[in-house]
2 protein chains.
Amino acid sequence: MNPTSSALPTPDEPTETGTRQIRDAIRDAIVERRLSPGTKLSESDVGNLFNVSRTLARAALQALSYEGLVSVEKNRGAFVAYPSPDEARQIFAARRLIEPGILREAAARITQSQIQHLRQLLLEESRLIGERGQTARRAEIKASGDFHLTLAAISGNTIMQRFMEELVARSSLVIALYGQSTISSCGHSEHGDIVSAIENKDLDRACHLMLHHIAHIEADLDLRERKGQGLKEAFDL
Amino acid sequence: MNPTSSALPTPDEPTETGTRQIRDAIRDAIVERRLSPGTKLSESDVGNLFNVSRTLARAALQALSYEGLVSVEKNRGAFVAYPSPDEARQIFAARRLIEPGILREAAARITQSQIQHLRQLLLEESRLIGERGQTARRAEIKASGDFHLTLAAISGNTIMQRFMEELVARSSLVIALYGQSTISSCGHSEHGDIVSAIENKDLDRACHLMLHHIAHIEADLDLRERKGQGLKEAFDL
DNA sequence: ACGCAAAAAATCGTATACAATTTGGCATCT
DNA sequence: AGATGCCAAATTGTATACGATTTTTTGCGT
């Protein structure tokens, strides 16, 4: 129906205003890697930080827990999720499973203006890659994920869109934990190739490129068990 | 690794005990259609019903809201979700998109004992179809969904498993709202055919059957806008 | 000094309390 | 009689309070 401005921000449904803000703020912080995996998120601290009571802080943390971005342990508190290698594999397996499908849907209903929107995203991404500094790096991470999210939005299925939001966010955590190469985001040129394939209506090629792209990200991971943040193991190698 | 007993009940992670029980109880009630779409779920009532404070009742309702089974409206309260025709289409589109993938994964790693487990589920399903009465009908609905959920469990991907749980639950709501035929569950024989195809290692056929199966369920729906439970439109036709 | 036990502090789990908003009813006016 | 405005009841939004559990600190004995 409408271009790309699908139901991304959710009109007004999610009940209270405060919880939503807090949830989104923390989620962004996690996705942009300003919060490291394993970081403790005390209810009181979160509440104080956002000037709300523990009630709302707790609600936000529980929501994030449902998305798999924070893990809450009974009577111990909430922590930024620390995905295990197995979880990481499942996250990427899930992406391999659903992204081709989303791509086909998106390609089927994509409009010219949406293609232009995608190209603009890519341009912005390139610009950020060129820049230096933490801020640019964080924006680059977000932009890289936004490409996949925009594709999901174009597909027109808000449910798949939400699934992808979760998977992209969790992928960011995985890359933060297990990523090897310094390049924080995934191969940028691959995004462009996918858009080109879509534009040429070559669906099979687009899907193939997408799978290759995901495999490429995954190949950059060193999926070995890592215990708590910094202990003996850190000095053994 | 292990047969079918994957991480279905989630060991102990989901924080508090009470909230989880309430959430599961209400979810079951919705899936088994003891709660109709649109039914108001007052926080006080829910709390009294389960002998807990509004705090826990509210937490449970918010969790269900995140799963799409209840919709909470600011300052108005929580209601059993009333999926729109468009939402219904998206739910089934999502299922068509991911179930073949799950099926392939499941077929790839299925063991003999898991096949037997599936066959046993089918047997139980047939038995329930034969029986009469509300209780049997409800059990039949649950069994029908359990087939798809078990397949997801066999696939070994807990993330996709959770997605499927949400989709199956929401499908139940959609069928309750828009289903036409009296037969509450989807074609039982189709489940059996899928298992056979898996057993014969005929993946393409299994996927084809699965898509056909989902289409079959969807074809039984009358996806036309229905406004609130009973108003003028109810008398116009 | 080191290890262990008990107390103190911090943090979570749940209930209750109060403020804000909505809903329904009653009185009043046209 | 019907419509309108206002007040009371009910319900949600948020904060605070209290009990339970975990973690840290402290102090003692060996």
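All chains are named by letter (A, B, ...) in the order of the sequence lines, taking the proteins before the strands, and each is independently numbered beginning at 1.
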Measure from the side chain of B:Leu56, starting at C-beta and using heavy atoms only, and say which of D:dG13, C:dT11, C:dA15 lies closest. C:dA15
Closest heavy-atom contact between B:Ile102 and B:Ser155? O-CB, 3.9 Å
Against the six-membered ring of A:Tyr66, is B:Arg162 placed for a cation-pi contact (under 6.0 Å from the centre, within 45° of the normal)? yes
How close or far is atom P of C:dG13 from atom CD of B:Gln21, stated in whole angstroms? 15 Å
Base, sugar-phosphate alone, or nothing: which one does B:Thr55 contact when heavy atoms must sit under 4.0 Å apart? base
Does either side chain, that of B:Thr158 or that of A:Gln90, offer a donor lying less than 3.5 Å from an acceptor on the other one? yes
At under 4.0 Å, does any side-chain N or O of A:Arg58 touch on OP1 or OP2 of C:dG13? yes
Rounding to an integer number of Å, can you tell me how far B:Leu61 CG sits from D:dG13 P? 10 Å
Do any of residues 43-53 of chain B sit with a heavy atom less than 4.0 Å from DNA chain C, and if so which? B:Val52, B:Ser53
Contact nearer the 5' end of DNA chain C, comparing B:Arg54 with A:Gly77: A:Gly77
Geometric class of the B:His191/B:His148 ring pair [parallel <30°, tilted 30-60°, perpendicular >60°]: perpendicular
Gap between atoms CG and P, on A:Asn75 and D:dT21 respectively (whole Å): 7 Å
Which nucleotide, C:dC12, C:dG13, D:dT12, lies nearest any side-chain atom of A:Lys74? C:dG13
For B:Leu61 versus B:Val72, what's the shortest heavy-atom pair and its separation? O-CG1, 4.4 Å
Just to confirm, is there a sub-4.0 Å distance from OP1 or OP2 of C:dT23 to any side-chain nitrogen or oxygen of B:Arg76? yes
Would you say B:Arg95 and B:Ser171 are linked by a side-chain donor-acceptor pair, where the criterion is simply a distance under 3.5 Å? yes
